[in-house]
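Here is the structure we will look at.
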Protein chains: 2
Amino acid sequence: VSTPKLPTRLAGAPGAATTRDSAPPRDLSGLVARCDAAGIDWLDDAATLDEHARDWWPVSIGWAAHGELLARPGIVVLPSSTAAVLEVVAACNDARVPFTVQGGRSGVCGGAVPEPGAVALDLTRLTGVLEFDEVSLRVRVNAGTFGPELEAWLRARGCTAGHFPQSMDLSTVGGWVACRGAGQYSTRYGKIEDLVRGLTVVLPDATVVATGSAGPRQASGPDLTQLFVGAEGTLGVVTEVELVVHRLPGSEERRAWSFDSFAQGLEACRAILQRGATPAVLRLYDPAESTRQFDVDRAVLIVLDEADDLLLAATISIVEEACREGRPEDVALVGRWLEHRNDVSALGALWERGIVVDTIETAATWAALPHVHADVVSAILAVNGTAVATVHQSHAYLDGACLYFTFAGRPEDADAYYREVWDAATAAALNAGASLSHHHGVGRNRSGYLRDALGHGADVLAAIKAALDPRWLANPSVLGLRPPLEGR
Amino acid sequence: VSTPKLPTRLAGAPGAATTRDSAPPRDLSGLVARCDAAGIDWLDDAATLDEHARDWWPVSIGWAAHGELLARPGIVVLPSSTAAVLEVVAACNDARVPFTVQGGRSGVCGGAVPEPGAVALDLTRLTGVLEFDEVSLRVRVNAGTFGPELEAWLRARGCTAGHFPQSMDLSTVGGWVACRGAGQYSTRYGKIEDLVRGLTVVLPDATVVATGSAGPRQASGPDLTQLFVGAEGTLGVVTEVELVVHRLPGSEERRAWSFDSFAQGLEACRAILQRGATPAVLRLYDPAESTRQFDVDRAVLIVLDEADDLLLAATISIVEEACREGRPEDVALVGRWLEHRNDVSALGALWERGIVVDTIETAATWAALPHVHADVVSAILAVNGTAVATVHQSHAYLDGACLYFTFAGRPEDADAYYREVWDAATAAALNAGASLSHHHGVGRNRSGYLRDALGHGADVLAAIKAALDPRWLANPSVLGLRPPLEGR
């Protein structure tokens, strides 16, 4: 079995952990028989069930240190083809058993934690590139393929996906799609929803749909692809993903500046984007994070771009003009970021020491960003027990950007503190006009806020789910969707 | 009443035209009473009903010359606010009367032709800019606003929407969204689905949903905005649209080349896009169209870009390098295109003379485009009566482009010939891996092909429609959706 690396060991012997969410045992015998008949592997030993009960949701990492799980699945099923996924979903329908799709389980909102006693549908054996069109720069890949495998495959052919989330080593292509992820180079290449051209999805009613089209764009009704990107497994199981890719760029340039304030740095970023330049990396840190990361007590901006030589030169010139009010810094800062950018190894140790730490990402327009910044930091600091609340800007667009907050505290009651911070920060962000999430998704952690964020849109999503998943089986506890009363 | 200009007069006295599609008279008295009570204007004189029975679907323009309509509405309702639209939709629900939203009625697939005896919901009084954020470059506009009004408003503030469809003078913002439209400068600015950030939609069950978010991107479940873009009024009535805009560019550059063949020109376009350059206009004509438009018996490529000076210079350099195998042509060709680009005044006269003429747009990957080109032209030429079948490439992307075919013939039976060409061309395009449509949409004309194009996706769309429109009232005859048997 594939073993995505989680940052903490689950305390105690396999099977001994207590679960916060439990249900009476389910009869999985019919499902097991069907898997056996179809040659689909499954596991239900205690150690496997324990591991598949977990993902990178920080608060649950804290629980694991004390031998606690949210919910333990009844079985882990390991299909290695779309046909096998279809068989499993059909069996779940017959048995009325919910299923939760899992990839690398690197999500940080609890979206891959299965229902108690139900099916963990692990796609990490559904791997590999299916088609590659080097003329059109398109690749079709199985959803369980991990990021490094896809990127290495493409680089051997002179191409790149351009998608490098912090979770790169731990996450699958299907996971990127499920949570509407973003890579660190997204300001040039786009978020996953900008890169995906089509999907194969096993729907909750055990039928298969191919979305998208051979063309780069179409006007053949609504875009069904975008209905499944970000659905976090609630509308079906994405089994194949078609992406645009790019030829490896000719050159790379790096720059670093610092600004008197975060706000001044944001204005420089806005000027760059609104002149039409899209440097791959444009990350601005507030003075506190700049000090922590770079030993610079100002607002550090690191810039990295890779592109065709001519466009790269034009982009860097625009960046330099926009940063005239900044102070040039050693470009080695960019290298320092590159080296440590995916290192989250400290997380588990912090939680084990009773330090509550997490990140909250959101997005807003340039006009709203200063308010979002001030209000969210104030809201977090106002929660008793908070030691740190900092921010950086991580992904920029013509009309706004993503703000990425980090908080830490050492409270008496970790769970209560954690929820209090999330409640306060989310309310502040939404009130200031920000989105609920930019790229981490909703999962279980944010499911209580969906209605605040989407309003009647939450009913629309629930109505669509009820139409596609009348038995409400596909990852039912994430996103915060509630079945319409008449729909069950 | 607003009077979008249609290219032909409807022959005969008002009310005298025969209709191809008719239904028993409907009782609209309750709806009229509610409109009166709410102060919502309506009209049902014969001349108004005749005009609102029509759009720019070419074959119906031919019918009009003989005093024929597809279907005459029972009433034209003219709401001037979202609240008024909500009231009309609620009244339609009570009376079980279908409604079809209309803007400029410039669509070319019959998507704005109402149901017989039912409600034409004309939004051309729902106009004007609601909000403008010049810091974040966002505008919120009522859906019935015509293109030139929005663009003039923005230009007075130093901005542009960057969206210039051929129908510019005749089309509304809501119409752009409804049919997933494209502007002629889309290779730099994007299609409407790339520009829209949020919508206000009156759903068929008479509730209102706001989609999108204040942020430039979000990961808060699936993107509901994209569910309504391209729905052609079948999932609700879009009443407000939020778009990103751009500051007016510093400069413009024009270039023209010609190539030995269309295929050679396509390779140049591909090289440009795949190096990351996105010139606003990159239009390649086959030798037949080049001769007709420019008096050049080769494949003419016209290029126009507008952007920040540095990015513009880099883009033009990339274009020049990619076009080395081409022959430079007089840049006056670009001016000639600009001058005549929106002139479709000949269309009505041709149809009145018995000449069947129409355009078919589709999109495919670069690898598939040569096959799509060859197969569609062959398929059209194989239809008895065809005089002309030509093509140009009009919108380009990293992974492919839009091909825009023009055909003309002078057959015995215009209707039969028209359908035969559409059937043959569509089958050829889909078989060669192209999309059903790039930006004209489906409407009534292509509704018979939706299942061929989307497969099981057509069932998914129908299930979503049934969930949001259980009475199947919103523009029921377009897109080709069929109600699920148990859904009515």
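The analysis underlying the following values was restricted to heavy atoms, covering all of them including side chains, and did not include hydrogens, waters or symmetry mates. In what follows, every chain begins at residue 1, and chains take the letters A, B, ... in the order their sequences are listed.
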In terms of heavy-atom pairs under 4.5 Å with chain B, the winner among A/Ser435, A/Ser317, A/Ala368, A/Pro222 is A/Pro222
Taking side chain as everything from C-beta outward and backbone as N, CA, C, O, which of these in B/Leu203 sits under 4.5 Å from a heavy atom of chain A? Side chain, backbone, both or neither.
side chain
Tell me which of these, A/Val442, A/Leu479, A/Leu461, has more heavy-atom pairs under 4.5 Å with chain B than the rest.
A/Leu461
Do you know which of A/Asp459, A/Leu436, A/Leu310, A/Val244 has the most heavy-atom pairs with chain B at a distance under 4.5 angstrom?
A/Leu310
Measuring from A/Thr225:OG1 to B/Asp223:CG, what's the distance to the nearest 0.5 Å?
12.0 Å
Among B/His246, B/His395, B/Glu361, who wins on heavy-atom pairs under 4.5 Å with chain A?
B/His246
Looking only at B/Arg446, B/Arg188, B/Glu134, B/Arg197, the option with the highest number of non-hydrogen pairs under 4.5 Å against chain A is B/Arg197
Whatever's closer than 4.5 Å to a heavy atom in chain B on A/Leu430 counts as neither
For each of A/Ala214, A/Gly215, A/Ser136, A/Gly230, tally heavy-atom pairs with chain B at distances under 4.5 Å, and name the one with the top tally.
A/Ser136
Under a 4.5 Å heavy-atom cut-off, does chain A meet the side chain of B/Val229, its backbone, both or neither?
backbone
Check for a donor-acceptor pair, side chain of B/Gln218 on one end and backbone N or O of A/Gly441 on the other, with a separation under 3.5 Å.
no
Residues B/His456, A/Val208; criterion side chain to side chain contact (heavy atoms under 4.5 Å, CB included); working and verdict
CA-CA 7 Å; B/His456 189 38; A/Val208 180; 6.0 Å; no
Point-to-point distance, once rounded to the nearest 0.5 Å, from NE2 of B/His440 to OG of A/Ser220:
12.5 Å
Atom CG of B/Asp194 and atom CG of A/Asp194: how far apart are they, to the nearest 0.5 Å?
8.0 Å
If you tally heavy-atom pairs under 4.5 Å between each of B/Leu450, B/Val201, B/Leu369, B/Leu227 and chain A, the highest tally belongs to B/Leu227
Just give me the residue among B/Val460, B/Thr315, B/Leu481, B/Thr362 that pairs up with chain A most often, heavy atom to heavy atom, under 4.5 Å.
B/Val460
Under a 4.5 Å heavy-atom cut-off, does chain A meet the side chain of B/Leu454, its backbone, both or neither?
both
Nearest 0.5 Å, what's the CG-OG1 distance between A/Leu137 and B/Thr365?
10.5 Å
Greatest number of heavy atom pairs closer than 4.5 Å to chain A - which of B/Glu193, B/Arg275, B/Gln226
B/Arg275
Which of the residues A/Cys179, A/Ala364, A/Ala467 is involved in the greatest number of heavy-atom pairs with chain B at under 4.5 angstrom?
A/Ala364
The interface call for B/Ala453 against chain A, heavy-atom contacts under 4.5 Å, is neither
Under 4.5 Å heavy-atom distance to chain A, tell me which part of B/Arg217 shows up: side chain, backbone, both or neither.
both
Where does B/Ala401 contact chain A at under 4.5 Å (heavy atoms): side chain, backbone, both or neither?
backbone
For the CD1 atom of A/Ile464 and the CG atom of B/Leu468, what is their distance to the nearest 0.5 Å?
5.5 Å
Working to the nearest 0.5 Å, report the span between CG of A/Leu311 and CG of B/Leu311.
7.0 Å
Which one wins on heavy-atom pair count under 4.5 Å against chain A: B/Arg247, B/Glu232, B/Glu321, B/His439?
B/Arg247
Which atoms of B/Ala307 are under 4.5 Å from chain A, going by heavy atoms: the side chain, the backbone, both sets, or neither?
neither
Engaged part of A/Ala458 at the chain B interface, taking heavy atoms whose separation is under 4.5 Å:
neither
Contact check, side chains of B/Pro216 and A/Leu398, non-hydrogen atoms, under 4.5 Å
no
